Q: 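Below is the structure I would like to discuss, written out as structure tokens.
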Protein chains: 2
Amino acid sequence: MTSDRRRIHPRKQPRQARAELTRQRILDAAAHVFGEMGYAAGTTNRIAERARVSIGSLYQYYPNKDAILLELVTRHLDEGRQALERLREETLPGTLAGIFRAHVRIVIDNHRDDPHLLQVMAEQAPRASEVLDRVSRYERERVAYVEELLTRHPDARVRDTHVAARLIVATVELLVHQLTAAPDPVEAGRLENELVAMVTRYATGGGAV
Amino acid sequence: MTSDRRRIHPRKQPRQARAELTRQRILDAAAHVFGEMGYAAGTTNRIAERARVSIGSLYQYYPNKDAILLELVTRHLDEGRQALERLREETLPGTLAGIFRAHVRIVIDNHRDDPHLLQVMAEQAPRASEVLDRVSRYERERVAYVEELLTRHPDARVRDTHVAARLIVATVELLVHQLTAAPDPVEAGRLENELVAMVTRYATGGGAV
DNA sequence: GGACGACCTGAACAATTGCTCACAATAGTG
DNA sequence: CACTATTGTGAGCAATTGTTCAGGTCGTCC
């Protein structure tokens, strides 16, 4: 069923410039509509309407509604992944607090565009879909990174590095989501400071920061 | 529109025992279906089917789908609220860590039944509805409680008590959600210890636990 | 400039959903 | 038993949704 449909919908590479433009307009509109109304209420017709594109065009570029969200998620995760990759190469030495600060800053920056959209991605996303797979794969990568950090860095004092890493990654990600998308959002700079303090004190076993 | 419907649907108090039973069956089924499939895919017909009750009966007890989720949420929040109330009366003295531990334990216990359902409540809940109002009101109560604690308790060392309280409440709530509903959940006892450590070290300014 | 393919259009379809209503079954009362 | 109120039933309606398709418009290249 679904695989047949996918065969009927082999979206091609655009040959003309306007095609790429249309594609981008659809994606922007989808980001806005999903962020504003959530995934369920963000209908494809509404997305097409906001993109000033016919519904037919939308389905020329995306085989179904899920695919739109999937691309949105993929792009977002890739940005985060790249930023973390850069961080990993640049800053080999440094205090734990400094490393965590860079980490936190990346996550905050990565969410600055549209916090509500990201909330949709993490929450309203269809269950058990490829979207969730990608999100959790990305999460596992980050946990692995932090776990290695906790193992290697001399300031780190935790018993179970794996559980601690899971705690830290989840804390940073979830609190940034929650506290920047809240009706009364915490200011970014302060949020960064508090998150760094929290996570660092936890990882250093309550010792000096 | 909606208000007219509500007038047509003044659900009465049940006069016979079987009515209360049916109501409970519907609620249990809804909890299961929502937890399993999410809010959008958890259709009223599916709920009725699982409750072994006709769809008509379901609508005799709940005016619409939202009302079912609302009751589920209300009950859950009330349980948490009552538990916190009891805590507040019992334990006036104690170390910060001890108080936080009691707090964390309540949240974990409150989620033990069906972690996935709670995820639905917090996430898939219809946007800008009464459900969200209740959730955020409960959250504000907890923030106020923690804020007062941070102000009064001698061990607490934080600059901005309000922001710190928001961080702490959000951390406990979100991490319990995330790490008990994950595919590879963290064991409850360990989660409690780690959360208490994290929050306490944060609140005491990195000093001794 | 004509012709072919890339691109775009939007009315309409099939499927699904929340929900209603006319009726049936059951419990309580005398 | 008969009568009424309470509770239960489920086919089907109205509305909405994701998606398709027959046919247009536009760009590009000979």
Side-chain angles (χ1 to χ4, degrees), chain A residues 1-27 29-30 33-34 37-71 124-126 129, chain B residues 1-27 29-30 33-34 37-71 124-126 129:
Chain A
M1 281 255 184
T2 315
S3 58
D4 288 354
R5 278 192 196 150
R6 292 233 167 106
R7 252 171 231 144
I8 294 171
H9 269 284
R11 297 281 83 87
K12 304 175 189 175
Q13 301 293 339
R15 315 281 158 149
Q16 301 174 14
R18 59 175 172 155
E20 185 53 45
L21 199 106
T22 303
R23 193 186 174 88
Q24 191 59 48
R25 286 237 302 280
I26 294 171
L27 218 53
V33 169
F34 284 154
M37 339 187 50
Y39 184 72
T43 72
T44 49
N45 280 282
R46 260 190 268 265
I47 293 171
E49 189 183 14
R50 184 177 169 93
R52 294 175 181 270
V53 156
S54 83
I55 182 64
S57 287
L58 186 150
Y59 279 95
Q60 190 165 12
Y61 292 102
Y62 299 96
N64 51 55
K65 188 179 165 180
D66 285 6
I68 303 178
L69 185 68
L70 182 60
E71 176 144 351
Q124 310 258 16
S129 75
Chain B
M1 282 256 182
T2 314
S3 58
D4 289 355
R5 277 190 196 155
R6 292 229 168 111
R7 252 170 233 143
I8 296 172
H9 269 286
R11 295 282 82 87
K12 305 175 189 174
Q13 302 293 340
R15 314 279 160 151
Q16 300 174 16
R18 59 174 174 157
E20 185 53 45
L21 200 109
T22 303
R23 194 186 173 87
Q24 191 58 48
R25 286 239 301 279
I26 294 170
L27 218 51
V33 169
F34 285 153
M37 338 187 52
Y39 185 72
T43 71
T44 49
N45 281 284
R46 260 189 270 265
I47 292 171
E49 189 183 15
R50 184 177 170 91
R52 294 176 182 270
V53 155
S54 82
I55 181 63
S57 287
L58 187 150
Y59 278 96
Q60 189 165 11
Y61 292 102
Y62 297 96
N64 51 56
K65 187 180 166 179
D66 285 6
I68 303 177
L69 185 68
L70 182 61
E71 176 144 349
Q124 309 258 15
S129 74

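Quick note on labels: first sequence line is chain A, next is B, and so on, each numbered from 1. The figures that follow rest on heavy atoms only: side chains count, while hydrogens, waters and symmetry mates do not. Worth saying up front: this structure is predicted, and the values here are computed from it rather than measured.
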Q: Could you tell me how far apart B:L21 (CG) and D:dT6 (P) are, to the nearest whole angstrom?
A: 19 Å

Q: Phosphate oxygens OP1/OP2 of C:dC7: is one of them under 4.0 Å from a side-chain N or O of A:T22?
A: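 For A:T22, the contact criterion (side-chain N or O under 4.0 Å from OP1 or OP2 of C:dC7) is not met.
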
Q: Could you give the CG-to-C1' distance, from B:D66 to C:dC19, as a whole number of Å?
A: 13 Å

Q: Partners of A:E71 by side chain to side chain contact (heavy atoms under 4.5 Å, CB included), sequence neighbours excluded?
A: A:R23, A:L27, A:Y62, A:R75

Q: Please determine whether a side-chain nitrogen or oxygen atom of B:T44 lies at a distance below 4.0 Å from atom OP1 or OP2 of C:dC19.
A: no

Q: Using heavy atoms to find the nearest nucleotide of DNA chain C for B:R18 and B:R46 separately, return the residue whose nucleotide is more 5′.
A: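 Closest to the 5' end, via its nearest nucleotide, is B:R46.
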
Q: If only side-chain N and O atoms of B:S57 are considered, is one of them under 4.0 Å from the OP1 or OP2 phosphate oxygen of D:dT9?
A: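 B:S57 to D:dT9 OP1/OP2: side-chain N or O found under 4.0 Å.
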
Q: Can you tell me how far the OG1 atom of B:T22 sits from the OH atom of B:Y61, to the nearest 0.5 Å?
A: 4.5 Å

Q: Does A:A41 offer a backbone N or O that forms a donor-acceptor pair with the side chain of A:R46 under 3.5 Å?
A: yes

Q: With a cut-off of less than 4.0 Å, is there a side-chain N or O of A:Y59 near OP1 or OP2 of D:dT19?
A: yes

Q: Is the NZ or CZ atom of B:K65 positioned over B:Y39's six-membered ring, under 6.0 angstrom from the centre and within 45° of the axis?
A: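 Yes, a cation-pi geometry.
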
Q: Which heavy atom of B:I26 sits nearest a heavy atom of B:S57, and at what distance?
A: CD1-O, 4.2 Å

Q: Could you state the CD1-C1' distance from A:I55 to D:dT20, rounded to the nearest angstrom?
A: 10 Å

Q: Judged by each residue's nearest nucleotide on DNA chain D, which is more toward the 5′ side, B:N45 or B:Q16?
A: B:Q16

Q: Can you tell me the distance, in whole Å, between the CZ atom of B:F34 and the P atom of C:dT17?
A: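 So the two atoms are 13 Å apart, to the nearest Å.
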
Q: To the nearest 10 degrees, how far apart in direction are the end axes of the helix from C:dG1-D:dC30 to C:dG30-D:dC1, each fit to five base pairs?
A: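 Rounded to the nearest 10 degrees, the bend comes out at 0°.
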
Q: Look at the side-chain N and O atoms of B:S54 and state whether any lies under 4.0 Å from the OP1 or OP2 oxygen of D:dG8.
A: no

Q: Specify the separation, in whole Å, of atom CD1 of A:I47 and atom C1' of D:dT17.
A: 12 Å

Q: Can you check the B:I68 CD1 to C:dT17 P distance for me, whole Å?
A: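 Rounding to the nearest Å, CD1 of B:I68 and P of C:dT17 are 15 Å apart.
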
Q: Where the side chain of B:T43 is defined as all heavy atoms beyond and including C-beta, which of D:dG8, C:dT17, D:dT19 is the nearest nucleotide?
A: C:dT17

Q: Atom OH of B:Y61 and atom P of C:dC19: how far apart are they, to the nearest Å?
A: 18 Å

Q: Using whole Å, report how far CZ of B:R23 lies from P of D:dT6.
A: 16 Å

Q: Indicate the atoms forming the closest heavy-atom contact of A:A30 with A:I68, along with that distance.
A: CB-CG2, 3.4 Å

Q: Do A:I47 and A:F34 touch side chain to side chain, with heavy atoms closer than 4.5 Å?
A: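 Heavy-atom side-chain distance check passes, below 4.5 Å.
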
